[in-house]
Amino acid sequence: MVSMIIVKFIGAVFKIPLSRMLGVTGMAYFSASYTLFTTIYALTVTGLSTAVAKITAQYSEQQRHNDCREVLKVSKRIFILLGVFGTLLMLLLARQFSVMIKSENSYLAILVMSPAILFSAGMAAYRGYYEGLSNMLPTGISQVVEAVVKLISGIGISYGVFYYAKKCFFENKLFFGQHIASAEDITLVALPYGAAGAMLGITLSTLAGLLYILIRHKYKGDGITKSELADDLKKRTSKDITKSLIKCAVPITLSAVVINLSSLIDLMTISGRLVYAYENNKEYFDGIYGAYIKGGQQMNEYIYGAYTLAITVFNLVPAFTGLFAKSALPNVTCAWVSGNRLRLKTSIEEVIKITSIIAMPAGLGIFVMAKPIVRILYGAQNGVIESVAPILSLLGISAIFIALVGPIFAVLQGMGRVDLPVKFMLVGAVVKVLLNYLLVGIKQININGAAYSTGVCYAIILILCIAAIKRLTNLNLNYLEIFIKPLVAGILCGVTAGIISNLSDTDITAVIAILSAGVVYILSLIVMGSLKNIKNA
């Protein structure tokens, strides 16, 4: 948890100056390549890493230390193969993918990001192994190492690209073979390279994380002593362990891929529908966004870039509530296996309640305070507030649903129904594809349609999850405590923030509004008794 907080803080420090350098359009190139990376990473690495942790934990609990070592040995071989496969896949898809999403300037960023699959795969093998041994330090520290290197190298390389472009303009007006006609064109020509520079920084950060964990393993080992190895006989062959890893990894991989579908759906549908909407309503879009787009930039890339800036803030809410999924899984699993209905009810209610207590004010606060939040984070860049704030406001409501879905998925997995999150996400994905296609193509809605579809998608998933828990457990959950009270307090919090922030359009007023809303929210929870009996969440 500590490493996650540090990583998220450094990530914000990384994204804010990066967005100011790249602008809205440049961030679209950045986001396109990163979305493809996360999808391929989920397909090749995520499930197997979790499987390594699970099987290592099982063998460690049984004192089968030689088998633990064999898991690491086998997993390294598998991960190298998967890493090479993922890297080649990303390289081969780079050109076609950038054309498909109508963002050909993303091509270079995708190329330089591809080796990160290989480096991340190497890290994942060791991370899963150490996590299975109940040692979270290697994972936590390697994540912080990644974040620091990403911040320094990503910002540094991207800044260096723009500095070099300016230098080239004043010397010979040629930048990597491209002619720069005027000073205003420097940023336009350099944008794809600046985005690629940021992605190269991320690639280098994954290499740094891998080097750290390799060096740590070499000099500190895994904590298994020679005497423990001598007292234990190896019981499983490499072939047996490989089968176990694959059997365990497949459903987890499917879940990870499906969970990433939302971002991939947005990436593959939004630009195409925006191009359609723009070509049929040029005067309408030029009237709204035309003043913010420099010559040579594409309308669909600019609008999608605004959406990605909003998504960056939106994702902070589920990132924090996702922590509760880790605590919910073992609690619910133990209660489910033991048949202790009271403990099961308490575990489910507590994790949903604490998630609601965090998600409700965060989501409603984003809904009300979108404009000052964008101004504080991204500054008053040309058109950023006007383009990003309306999208972020709508996504604030969606953040509540997606923040609740993660921990509730963990509840279902703890009850042994790992299939249900996959099925529900597929239902949500179908809804999102249809709504993206229908709404984004309507000129009056355009990019806001993606925000609407996200909210509807995760609201449906949440309803399906709650219905499944009810059906599987036959428990009468206390909906007043876990949903209604946090919602009422969240509304009071949002109203307070809205009233104060509207007094004046300044950063100081925004900060006062946020602090005042926080006080009102906590007092509301205390008055309603919602902070009592939160023990295990």
Side-chain angles (χ1 to χ4, degrees), residues 1 3-4 41-83 118-143 145-146 206 209-256 323 325-334 337 410 413-414 416 418:
M1 182 180 70
S3 70
M4 193 281 295
Y41 180 85
L43 177 66
T44 56
V45 176
T46 301
L48 199 55
S49 179
T50 305
V52 169
K54 182 178 183 299
I55 293 175
T56 301
Q58 176 186 329
Y59 292 165
S60 178
E61 180 67 20
Q62 297 168 344
Q63 304 296 309
R64 292 161 56 182
H65 305 295
N66 282 299
D67 284 341
C68 287
R69 289 277 181 90
E70 189 65 24
V71 170
L72 178 61
K73 182 180 176 181
V74 170
S75 65
K76 284 193 293 184
R77 290 198 296 262
I78 296 174
F79 274 102
I80 289 173
L81 291 174
L82 287 174
L118 176 59
F119 302 144
S120 297
M123 260 194 298
Y126 285 94
R127 283 177 175 176
Y129 179 65
Y130 278 111
E131 288 166 18
L133 295 174
S134 299
N135 183 0
M136 293 299 294
L137 276 175
T139 295
I141 296 175
S142 64
Q143 287 174 338
V145 168
E146 271 192 273
T206 59
L210 174 60
L211 290 175
Y212 161 77
I213 212 163
L214 287 173
I215 293 170
R216 188 194 189 283
H217 184 76
K218 178 176 177 62
Y219 290 101
K220 289 196 173 183
D222 54 13
I224 298 176
T225 65
K226 291 182 179 179
S227 60
E228 287 175 328
L229 291 171
D231 293 339
D232 165 53
L233 294 177
K234 181 179 174 183
K235 298 179 181 179
R236 302 292 301 276
T237 65
S238 297
K239 186 177 180 180
D240 291 336
I241 290 175
T242 301
K243 289 180 179 178
S244 298
L245 286 172
I246 293 174
K247 183 179 179 180
C248 182
V250 169
I252 300 171
T253 297
L254 289 174
S255 297
L323 290 171
K326 294 183 179 293
S327 64
L329 186 60
N331 285 345
V332 172
T333 300
C334 292
V337 171
Q413 290 166 347
V418 296

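Below, each value reflects all heavy atoms present in this structure, side chains not excepted, and no hydrogens, waters or symmetry copies.
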Next item on the list: Taking all non-hydrogen atoms of both residues into account, name the closest pair between Val52 and Ala125 and its distance.
Entry: CG1-O, 4.0 Å
Notebook entry, point to check: In a check of side-chain contact (heavy atoms from CB on, under 4.5 Å) between Arg69 and each of Val74, Asp222, Thr56, which one passes?
Noted result: Asp222
Check: Where do Gly209 and Glu146 come nearest, in terms of heavy atoms and distance?
Finding: CA-CG, 4.1 Å
Notebook entry, point to check: Can you tell me how far the CZ atom of Arg77 sits from the CG atom of Leu72, to the nearest 0.5 Å?
Noted result: 10.5 Å
Margin query: Working to the nearest 0.5 angstrom, can you tell me the gap between Ile55 CD1 and Arg64 CZ?
Written below: 10.0 Å
Check: What is the minimum heavy-atom distance between Ala121 and Phe79, and which atoms define it?
Finding: O-CD2, 3.3 Å
Next item on the list: Check Tyr130 against Pro138 and note the closest heavy-atom contact, atom names and distance.
Entry: CG-CG, 3.5 Å
Item checked: Close side-chain approach of Ile241 to Tyr59, heavy-atom, < 4.5 Å -> yes
Item checked: Ser120 to Thr206 - nearest heavy-atom pair and separation -> OG-CG2, 3.5 Å
Next item on the list: Look up atom OG1 in Thr139 and atom CD1 in Ile213, then write down how far apart they are to the nearest 0.5 Å.
Entry: 5.5 Å
Note to self: Measuring from atom NZ of Lys220 to atom CG of Asn135, what distance do you get when rounded to the nearest 0.5 angstrom?
What the structure shows: 9.5 Å
Notebook entry, point to check: Tell me, which pairs form a salt bridge (charged side-chain N to carboxylate O under 4.0 Å, His left out) where one or both residues lie in residues 130-140, sequence neighbours left out?
Noted result: none
Note to self: Within this structure, what is the OG-CG distance for the pair Ser75 and Leu82, rounded to the nearest 0.5 Å?
What the structure shows: 10.5 Å
Note to self: Using 0.5 Å steps for rounding, measure from the CZ atom of Arg127 to the CE atom of Met136.
What the structure shows: 9.5 Å
